[in-house]
Every structure is written in structure tokens, then in C-alpha cells.
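Below are the C-alpha cells for one structure; questions will follow.
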Amino acid sequence: MTNRSFTRRLRAAATVLAGAACLTVAIQAPAGAASVSTWDKIAQCESTNNWSINTNNGYYGGLQISLSNWRSYGGTAYAARPDLATKKQQILIAEKILASQGARAWGCAPGTGLATDTAAPYPDGIGAYDPGTGTFYEGNQAGATLGSAKFGNAGWKPLAGDWTGKGTSSLGAYDPATGTFYLSNDNVNTAATIKFGNPGWIPLVGDWNGTGTSKIGAYDPNTATFYLSNDNVNTTTTVKFGNPGWIPLVGDWNGTGTYGVGAYDPNTGTFYEGNQAGTTLGSAKFGNPGWTPLVGKWTGKGPSTIGAYDPSSGTFYLSNDNTNTAVTVTFGNPGWIPITGNW
């Protein structure tokens with residue numbers, strides 16, 4: 001992927017409702033991305049849409065990925081061979097191959113739009129956590145429930161992250177009484193138990209060094225200080241950003257894969273983006289007082305953008321450009337806690 005430059009301007013913030021913002025971000029498509037429908041066209045040509053095919057010709061699965069490419073681009077995190085992986089997992093690895101090698105990696109590419117399709121196949125989805133039952137509900141931007149699971153205990157804070165770098169999010173939970181993170185790779189079992197920060201701090205999840213895996217962090221609300229870890233053990237970065245009483249945020253603000261810090265001022269409804277040096281990169285107003293701030297890659301590509309959740313109605317408002325509301329969807333019940341992830 002080639003480096004891309006971007007510009008950002010701070011503009012005076014006017015009082016606005018959901019759908020209006022004053023943060024400018026230059027969004028560009030990655031070097032390789034394609035919608036699921038385009039990958040289906042490739043699979044129809046390559047394997048007649050047989051995602052589990054193995055004809056012993058050196059190429060496997062619906063997209064006929066070679067074993068060497070599967071291994072080189074991280075496919076063994078899912079399965080030993082492409083034909084043993086799910087359709088989504090095969091497409092996620094194909095996206096990496098496309099970004100690196102281009103559409104020429106597939107002989108069936110001409111006529112399918114693979115070389116020109118810029119839509120990512122799996123944008124971040126929404127979700128909700130029912131604190132009464134300790135149940136997570138994963139959903140897509142159409143409001144459909146994709147799955148549910150119980151994880152953690154009552155009073156713990158829900159988390160989601162790509163803990164293994166496989167391209168999809170799984171669950172986690174944070175016990176604020178002990179400052180302990182519990183991370184799951186399969187939404188069932190606890191794969192890691194980590195104490196980080198102090199009791200009462202706010203848990204954070206992000207890819208602080210751009211390696212493709214989510215790591216933990218913690219935010220001290222009394223001092224507005226972020227503590228970020230690249231190894232889930234030691235504090236790698238300590239940075240003050242925003243003011244005490246603001247809500248901490250994190251996001252890939254420049255689209256490079258490395259997450260920066262941020263903060264939301266609930267008194268003014270203003271989002272502030274920052275880097276790990278504590279420099280403010282931009283600001284925007286979005287949503288209404290009392291709503292919960294959100295961050296995600298709602299298009300599945302480029303920089304993270306903002307959103308907001310109305311807890312009184314269980315409605316998500318998502319922006320792809322930090323200016324307009326692109327998606328409005330109700331999911332879960334009023335009073336539930338919003339979560340986001342690439343399910």
C-alpha cells in the first residue's frame with residue numbers, strides 16, 4: 001500500500017444535531033478492496049462458488065488461493081488451508097493479497113470489477129451489551145443480529161478487539177473494581193487475564209503500534225491521562241489529552257493502522273482527535289447531549305470516523321465523513337451499552 005498524505009483543518013464548531021460535524025478528514029480507498037459481491041464473482045469463475053473445494057491442484061477454496069499465499073498473508077490463523085476456512089476468512093486473506101499483488105493475482109479478475117471496486121467487504125458492525133444478563137449481541141449496520149454470547153460478570157465493562165490479528169473482533173470484559181481485563185478469542189473462553197492500570201480507570205482497546213492486533217490501555221479520568229501498552233504488560237505510551245470529565249476515545253484517525261487518542265466533551269458534544277504525542281488533530285460536534293460517542297471504520301476502509309448512540313432509543317448514528325449521518329439503525333434495547341467491532 002502506498003503512503004498517502006492527508007490534510008486536516010479545524011473549523012469553528014456550530015451547534016448542530018446528529019449528522020452535522022466540523023471535522024475534515026481526507027478519506028481514500030486502500031490499494032486493494034472489494035465488496036463481497038465482487039468476490040462472489042471471482043469465486044463463481046474460479047470454483048463455481050465452492051468455498052470448500054480442494055482438487056489437489058495447489059489452489060484451494062472459493063478463491064483458489066495457493067497455500068504459499070495463504071501462509072504468507074496470515075491465513076493459518078484461521079485454518080491450515082483456505083478450503084478449511086470460512087468464506088469470510090478466505091475473503092479477508094484475499095483482501096491482503098489484493099492490496100499487495102493487485103487484481104492480477106486472479107486470472108478470473110477481468111470483467112468482475114475486482115480492479116476497480118473500492119468497497120471493503122466487511123465494515124465495522126454495531127452491537128449492544130445487556131448489563132442485566134451480561135449478554136453481548138453482535139449486529140451489522142442493517143440492524144440484523146449476527147450472534148450473541150455471555151462473557152464476564154455483572155458490573156464489568158464490555159470490550160471488543162481483534163486480539164490475535166485474524167481480522168475479526170471477539171469479546172472481552174474489564175473488571176473496574178480490580179483493573180483486570182479478560183480477553184476471549186472465541187467468545188466463550190478466557191484466553192488472557194491481565195491487570196493493567198488502577199481500579200476505577202476506563203479500559204481502552206486499540207492497535208497502538210500498527211501491527212494488526214488490538215492491545216489494551218487504560219485512562220485515568222482524574223488526570224485525563226492515557227496509558228497504552230504494546231504488549232499487554234508494560235505501559236509503552238503515557239499521554240495527557242483532553243480534560244478531566246471528558247470521555248476517552250481512540251481511533252485510526254489517519255488511516256495508517258496505528259491508533260491515536262481522542263476525547264469527547266459531553267458538555268458541548270464535541271469530539272477531539274489526537275495522536276500519541278498529545279497533539280490535537282481535529283474536532284467535531286456530532287449527536288445530542290446525553291448520547292454516547294462512538295468510533296469505527298463504518299465503510300471498512302480508510303480512517304476511523306465518528307458516530308453517536310442515543311441510549312433512550314437504542315439508536316446508532318454513524319458518519320462516514322464526520323459531517324453527515326450515513327447510517328441510522330436501532331439495535332438492542334434502551335439502556336443497553338453500545339459496542340462496535342468487525343464481527
Side-chain angles (χ1 to χ4, degrees), residues 1 27-54 59-66 69-70 73-75 77-79 81-127 137-147 160 162 164-170 187 212 252 255 257 296-305 307 316 318 320 326-329 331 340-343:
M1 183 181 296
I27 299 177
Q28 297 180 2
S35 62
V36 173
S37 61
T38 294
W39 286 118
D40 281 339
K41 293 176 184 178
I42 296 293
Q44 180 61 41
C45 174
E46 294 280 358
S47 65
T48 62
N49 264 316
N50 186 344
W51 293 87
S52 61
I53 191 170
N54 175 10
Y59 297 88
Y60 304 87
L63 302 174
Q64 291 292 277
I65 299 173
S66 69
N69 270 341
W70 183 253
Y73 291 94
Y78 301 123
R81 298 193 313 266
D83 59 300
L84 302 176
T86 66
K87 173 181 176 178
K88 180 176 181 178
Q89 291 166 350
Q90 292 178 52
I91 289 176
L92 289 173
I93 297 303
E95 284 279 302
K96 294 181 180 181
I97 297 171
L98 179 64
S100 175
Q101 300 180 18
R104 66 182 182 277
W106 287 270
C108 286
T112 64
L114 184 64
T116 57
D117 187 353
T118 60
Y122 298 108
D124 281 353
I126 60 174
Y137 295 88
E138 301 172 347
N140 61 24
Q141 292 183 23
T145 299
L146 304 178
D162 183 4
T164 61
K166 61 186 179 181
T168 55
S169 300
S170 52
N187 294 345
D252 178 14
K297 295 193 176 186
W298 316 124
T299 65
K301 61 189 179 183
S304 300
T305 51
F316 291 75
L318 311 179
N320 292 336
V327 176
T328 302
V329 56
F331 188 82
T340 62
N342 192 327
W343 314 122

*Heavy-atom side-chain contact between D252 and P303 under 4.5 Å*: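 Result no, sub-4.5 Å side-chain heavy-atom pair not found.
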
_How close do D162 and T168 get, counting heavy atoms only, and between which atoms?_
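Nearest pair, atom of D162 first, then T168: OD1-O, 3.3 Å.
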
*Inter-residue atom distance E46.CD - C108.SG, 0.5 Å rounding*: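 Spacing of CD (E46) from SG (C108) equals 4.0 Å.
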
*Of all the heavy-atom pairs spanning P110 and G107, show the shortest one and how long it is.*
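That closest heavy-atom pairing would be CD-O, 3.4 Å.
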
*asked:* Is any side-chain heavy atom of K41 closer than 4.5 Å to one of L114?
replied: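 Heavy-atom side-chain distance check fails, nothing below 4.5 Å.
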
*Of all heavy-atom pairs between L63 and A94, which one has the smallest distance, and what is that distance?*
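Nearest pair, atom of L63 first, then A94: CD1-CB, 3.5 Å.
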
*Kindly say whether V329 contributes a backbone atom to a donor-acceptor pair with the side chain of Q141 at under 3.5 angstrom?*
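Here the side-chain-to-backbone pair does not exist.
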
*asked:* Does any part of the side chain of F331, heavy atoms only, come nearer than 4.5 Å to the side chain of F316, both counted from C-beta?
replied: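 Contact flag for F316/F331 side chains = yes.
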
*Report yes if some heavy atom in the side chain of K87 is under 4.5 Å from a heavy atom in the side chain of V36; otherwise report no.*
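Of all side-chain heavy-atom pairs linking V36 with K87, at least one is under 4.5 Å.
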
*Going from CG on L318 to OG1 on T305, what distance comes out if it is rounded to the nearest 0.5 angstrom?*
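Spacing of CG (L318) from OG1 (T305) equals 8.0 Å.
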
*Could you give the distance from CG (N69) to OH (Y59), rounded to the nearest 0.5 Å?*
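It comes to 8.5 Å.
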
*Without swapping roles, check the side chain of Q90 against the backbone of A85 for a donor-acceptor pair under 3.5 Å.*
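Present.
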
*Check whether any side-chain heavy atom of I97 lies under 4.5 Å from a side-chain heavy atom of W106, and answer yes or no.*
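Yes - at least one pair of side-chain heavy atoms lies under 4.5 Å apart.
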
*In Å, rounded to the nearest 0.5 Å, how long is the span from CG of L98 to CD1 of I42?*
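Atom-to-atom, L98:CG and I42:CD1 are 9.0 Å apart.
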
*Scan side-chain atoms only and decide if S52 and N54 contain a donor-acceptor pair under the 3.5 Å cut-off.*
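No, because no side-chain N or O of S52 sits under 3.5 Å from a partner of the opposite role on N54.
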
*Got W298 and P123 here, is their nearest side-chain heavy-atom distance under 4.5 Å?*
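They are not in side-chain contact.
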
*Do you know the tightest heavy-atom contact between G125 and W343?*
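Taking G125 first and W343 second, the nearest heavy atoms are C-NE1, 3.7 Å.
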
*If every non-hydrogen atom of T340 is compared with every non-hydrogen atom of A160, which pair is closest and at what distance?*
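Scanning both residues completely, I find the closest heavy atoms to be O-CB, 3.7 Å.
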
*asked:* Rounded to the nearest 0.5 Å, what separates atom CD1 in I93 from atom CH2 in W70?
replied: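 So the gap between those two atoms works out to 5.0 Å.
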
*Shortest non-hydrogen separation from K96 to G165 and the atoms involved*: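 For K96 versus G165, the nearest heavy atoms are NZ-O, 4.3 Å.
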
*Starting at CG of D40, measure out to OG1 of T112 and round the result to the nearest 0.5 Å.*
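Result: 11.0 Å between the selected atoms.
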
*What's the verdict on side-chain hydrogen bond (donor to acceptor under 3.5 Å, both in side chains) for Y73 and Q101, showing C-alpha distance, side-chain angles and the deciding distance?*
CA-CA 11 Å; Y73 291 94; Q101 300 180 18; 3.2 Å; yes

*Check: E95 side chain, A34 main-chain N or O, donor-acceptor pair, under 3.5 Å*: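 At least one qualifying donor-acceptor pair exists.
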
*Are the ring centres of W39 and W51 closer than 6.0 Å?*
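Not close enough - the centres of the two rings lie 6.0 Å or further apart.
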
*Hey, is the main chain of Y122 close enough, under 3.5 Å, to the side chain of N342 for a donor-acceptor pair?*
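At least one qualifying donor-acceptor pair exists.
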
_Side chains of T38 and D117, donor plus acceptor under 3.5 Å_ =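 Result is yes, a qualifying pair exists.
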
*asked:* Is any side-chain heavy atom of I53 closer than 4.5 Å to one of Q64?
replied: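 Side-chain contact under 4.5 Å: yes.
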
*Would a 4.5 Å heavy-atom cut-off, applied to side chains only, mark Q89 and L84 as touching?*
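With C-beta onward as the side chain, the pair stays apart.
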
*Can we say K301 and D124 salt-bridge, meaning some charged N sits less than 4.0 Å from an Asp/Glu carboxylate O?*
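No.
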
